[in-house]
Amino acid sequence: MNGIAPNGAISFISPQYCGSISDKHLLIKSRVMDRLEPNDVMTDKGFFIVIELKSIGCKLQCLIFLKDKIQFDISEMVSNSRLSNMRVTGERTISRVNQYKYFGVLPHRCLPHVDKFFL
């Protein structure tokens with residue numbers, strides 16, 4: 001899990017966990033919520049953490065889908081456009097980490113320490 005500021009800067013990288021862990025448990029275990037401020041917005045699809053974020057005054061905003069409609073209202077179009085821009089910023093940042101090989105090839109024993117690069 002990673003955190004990306006609106007300007008595209010990497011603000012958080014969670015510790016790496018072996019095995020399978022759900023997004024919700026990773027969010028709680030990584031303590032990223034301790035770094036959030038009221039009214040911060042998190043965007044992602046399929047991320048079921050509304051209650052946890054609401055408890056600290058944050059919002060989870062996801063793209064709106066048409067469902068039974070033919071087209072979006074103007075407010076829904078604006079919201080989707082804004083959220084899509086946030087997601088593109090995040091995807092570009094992740095792409096830069098991969099493209100420029102910030103970490104190179106790390107030995108397996110170093111994986112638990114990757115998050116410390118971004119303190």
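Note that the structure is a prediction, hence the values are computed from the model and not measured. The chain is numbered in sequence order, starting from 1.
- In the hydrophobic clustering of ILVMFWY residues, with side-chain heavy atoms under 4.5 Å counting as a link, L26 and V32 come out together.
- Nearest approach of E76 to D73, heavy atoms of both residues: OE1-N, 2.8 Å.
- Here the closest non-hydrogen pair linking F72 and I64 is CZ-O, 3.2 Å.
- Nearest heavy-atom pair, L36 versus C58, reported as atom, atom and distance to 0.1 Å: CB-SG, 3.8 Å.
- Of the possible donor and acceptor atoms, one in the side chain of N7 sits under 3.5 Å from a partner among the backbone N and O of A9.
- In this structure, the separation between CG on L53 and CG on L60 is 6.0 Å, given to the nearest 0.5 Å.
- The side-chain contact (heavy atoms from CB on, under 4.5 Å) with R92 is formed by just one residue from the set I94, T89, V88; it is V88.
- Summarising the geometry of E52 relative to S55, their closest heavy-atom pair is O-OG, 2.6 Å, with the distance given to 0.1 Å.
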Worked verdict on L63 versus S84 for side chain to side chain contact (heavy atoms under 4.5 Å, CB included): CA-CA 8 Å; L63 294 174; S84 292; 3.7 Å; yes
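- The hydrophobic cluster containing V50 also contains M33, counting ILVMFWY residues as joined when their side-chain heavy atoms lie under 4.5 angstrom apart, directly or transitively.
- Between L83 and Q61, the shortest heavy-atom contact is CD2-OE1, 3.5 Å.
- Within 6.0 Å of CD1 on I51 lie no more than 12 heavy atoms contributed by other residues, nucleotides or ligands.
- The hydrophobic clustering, which links ILVMFWY residues whose side-chain heavy atoms are closer than 4.5 Å, places F12 and I21 together.
- Rounded to the nearest 0.5 angstrom, N85 CG and N80 CG are separated by 11.0 Å.
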